[in-house]
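Contents: one structure, followed by commentary.
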Amino acid sequence: MLKKLLPFVEHAIKKPVWDCRMCGQCVLHSTGMTCPMTCPKTLRNGPCGGVRENGNCEVIPDMQCVWAKAYDRKVSLPMPTVWKEHFNELRPPVDMRLQGSSSWINLLTKRDQQTPAGWSTTDGDH
Amino acid sequence: MSVMREKLENTNETVFTAEFPSIDGGGMAKVEKSAARLAPWFDAVNATDNPAAHAHASNTSSAIAMKMHGLEPIMQIVCRDKNRLAIQADMMGAALHGIENISLLTGDDVTAGDEPETRRVFDIDSTQAINIARILTTGTYLSGRKINPAPDFYISAVENPAAPPFDYRIERALKKYRAGAKYLQLQICYHPDRLEKFCAGVAKIAPDLKLIPTIVLVKSAKPLGFMNDKVPGIDIPLDTINRVSAASDQADEAYKLTLELAKHALSLPAVRGLHVTDFRHDDSLDSFMYDLGQKPRN
Ligand code: SF4
């Protein structure tokens with residue numbers, strides 16, 4: 001029951017503020033509270049090379065680049081230090097099976113931390 | 001061992017790479033012609049992957065064709081057109097044909113191309129793709145399935161030193177290095193001050209990461225204006241465009257500008273070479289290389 005209801009509640013709360021796309025594996029805390037899934041290229045590890053001179057998006061010229069915004073916020077907003085430290089971590093590929101599910105549940109069950117068996121990083125963070 | 005790896009890892013020599021023209025019609029005869037022009041000067045050439053979101057002969061097939069003509073390819077893979085399965089297949093296809101240099105890029109958006117109605121893929125991003133290439137070299141696919149023996153890639157990527165957010169670009173270079181990139185080819189940059197800051201920043205936080213800035217040979221102010229207006233992520237100061245457009249001999253002034261930018265780029269920390277894109281298609285490529293102190297190799 002909760003599993004059915006929570007995605008609606010989560011979306012209702014996160015959509016208006018962050019334009020949440022319900023990827024089911026929320027990384028907002030580590031991306032300057034800016035949702036990387038609103039980047040037209042859904043880039044989770046930083047900006048593409050097409051950011052315009054005024055900081056706007058290559059694809060949507062009247063929108064600020066999601067990563068330009070994220071970086072500004074990371075630098076200027078008061079946030080827990082560990083969130084800022086996580087900004088540059090290598091975030092793994094999105095698990096498409098989680099699309100539409102509640103990231104809150106996936107966080108509690110740690111489902112959102114599961115990566116493919118071959119995934120490893122040289123960071124040692126995760 | 002690839003020449004790129006040998007030179008960048010085991011020597012202090014400056015490397016020169018070039019953009020190989022996209023292949024459409026004309027078959028191998030056309031490839032041969034481009035190869036003959038570039039072979040005397042370059043250590044390796046980029047086999048692009050649907051650049052500017054226009055379809056051409058594929059990255060892998062182009063890379064093989066370049067190899068057949070005695071050039072060392074740097075095979076690009078962009079994240080726009082292929083999901084993670086297809087990208088790993090590209091990488092293993094490269095390995096099958098003895099292509100060691102692979103370069104992972106985000107890719108221009110489909111709206112930059114001539115088929116803007118295309119579906120975007122972006123299943124993974126460029127940094128994830130770099131990391132996946134590195135994972136393959138450890139002997140497994142992303143799934144964990146074993147590869148024996150593991151492919152041996154010399155991995156690189158691309159970064160734009162002159163697009164916002166500037167400070168973040170330096171951190172992102174480090175991120176790409178940690179994911180597995182040994183060198184970065186840099187996007188065209190007409191802001192020497194920005195390039196300087198980027199290179200100094202990278203030299204400080206990622207001292208082993210090598211940088212290869214890009215230089216474009218143009219004949220007049222027109223292509224500068226085009227790049228400034230049409231290519232996302234490239235900004236050219238108005239003064240620079242005016243300097244060329246106001247000159248009595250635009251071709252000569254454009255050449256001088258390019259040479260200045262090239263010499264400046266080569267003087268910067270972390271820079272180990274230059275990537276050359278030739279839009280002039282005249283004899284200036286040879287003069288340019290001579291003016292940089294190079295001699296033809298064969
Ligand atoms: S400019 Fe920014 S928001 Fe737009 S596609 Fe590139 S990274 Fe995404």
Side-chain angles (χ1 to χ4, degrees), chain A residues 23 27 31-32 34 36-37 39-61 64-76 84-96 99 114-126, chain B residues 79-80 83-84 88 105-112 120-132 134-136 138-147 158-169 171-180 186-187 228 231-236:
Chain A
C23 71
V27 290
T31 55
T34 308
M37 303 315 275
C39 156
K41 301 183 185 176
T42 60
L43 305 181
R44 281 169 90 93
N45 285 294
C48 72
V51 183
R52 290 166 193 269
E53 187 67 5
N54 63 1
N56 281 8
C57 171
E58 165 190 347
V59 185
I60 308 170
Q64 189 184 9
C65 162
V66 168
W67 281 102
K69 189 194 238 174
Y71 190 71
D72 280 357
R73 286 188 181 173
K74 190 261 262 198
V75 174
S76 59
K84 294 203 181 195
E85 282 166 1
H86 283 178
F87 190 79
N88 279 334
E89 78 183 11
L90 176 54
R91 281 168 283 276
V94 172
D95 184 337
M96 294 309 292
Q99 182 78 42
Q114 274 177 33
T115 51
W119 180 259
S120 65
T121 70
T122 56
D123 285 357
D125 304 340
H126 54 130
Chain B
C79 298
R80 177 195 56 234
N83 66 12
R84 63 195 82 175
Q88 291 176 89
L105 292 71
T106 308
D108 296 312
D109 187 58
V110 297
T111 47
R120 302 181 176 95
V121 180
F122 298 112
D123 178 38
I124 55 175
D125 63 38
S126 57
T127 318
Q128 292 162 350
I130 296 164
N131 195 50
I132 290 171
R134 185 192 57 75
I135 289 169
L136 295 187
T138 68
T140 71
Y141 285 98
L142 185 52
S143 69
R145 183 157 47 93
K146 294 271 173 286
I147 310 169
V158 165
E159 188 54 70
N160 189 338
F166 306 114
D167 292 342
Y168 186 26
R169 298 280 168 192
E171 295 174 28
R172 191 162 143 80
L174 173 64
K175 188 172 187 174
K176 287 178 176 178
Y177 172 70
R178 290 170 89 180
L186 305 181
Q187 173 63 292
N228 186 44
V231 184
I234 299 186
D235 177 79
I236 308 184

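A, B, ... follow the sequence lines: proteins, then strands. Residue 1 opens every chain. Values below: every heavy atom of this structure, side chains too, minus hydrogens, waters and symmetry copies.
- Contact count against chain A (heavy-atom pairs under 4.5 Å) is highest for Asn131(B) among Thr140(B), Asp167(B), Asn131(B).
- Residues of residues 66-73 of chain A that come closer than 4.5 Å to chain B, counting heavy atoms only, are Trp67(A), Ala68(A), Tyr71(A), ordered by residue number.
- A side-chain contact (heavy atoms from CB on, under 4.5 Å) with Glu53(A) is found for one member of Ile236(B), Asp235(B), Ile234(B), Asn228(B) and no other, namely Asp235(B).
- Here Ile124(B) contributes atom CD1 and Thr42(A) contributes atom OG1; the two are 10.5 Å apart, rounded to the nearest 0.5 Å.
- For Arg145(B), no part lies near chain A; criterion is any non-hydrogen pair under 4.5 Å.
- The shortest side-chain heavy-atom distance between Glu58(A) and Asp108(B) falls under the 4.5 Å cut-off.
- Ranked by heavy-atom pairs under 4.5 Å with chain B, the list Gly46(A), Pro40(A), Pro47(A) is led by Pro47(A).
- Residue Ala117(A) comes nearest to Ser143(B) through the heavy atom pair CB-O, 3.2 Å, listed as atom of the first residue, atom of the second, then distance.
- The shortest heavy-atom contact between Lys175(B) and Asn88(A) is CE-O, 3.6 Å.
- Considering only heavy-atom pairs separated by less than 4.5 Å from chain A, the leading option among Gln187(B), Glu159(B), Arg80(B), Arg134(B) is Arg134(B).
- The part of Arg52(A) that comes within reach of chain B is its backbone (N, CA, C, O), which places non-hydrogen atoms under 4.5 angstrom from that chain.
- The most heavy-atom pairs under 4.5 Å with chain A, out of Ile132(B), Thr111(B), Ile135(B), come from Ile135(B).
- Once rounded to the nearest 0.5 Å, the distance linking CD of Glu89(A) with CZ of Arg178(B) reads 10.5 Å.
- Chain A forms more heavy-atom pairs under 4.5 Å with one residue of Thr127(B), Leu142(B), Asn160(B) than with any other, namely Leu142(B).
- Considering only heavy-atom pairs separated by less than 4.5 Å from chain A, the leading option among Pro165(B), Gly144(B), Ala179(B) is Pro165(B).
- Side-chain contact between Met96(A) and Asp123(B) is present, with heavy atoms from C-beta onward closer than 4.5 Å.
- Tyr168(B) touches chain A through backbone and side chain together, each having a heavy atom under 4.5 Å away.
- A 4.5 Å side-chain heavy-atom check between Lys41(A) and Thr106(B) finds at least one atom pair inside the cut-off.
- Using modelled atom types, one side-chain atom of Asp125(B) and one backbone atom of Asn45(A) make a donor-acceptor pair closer than 3.5 Å.
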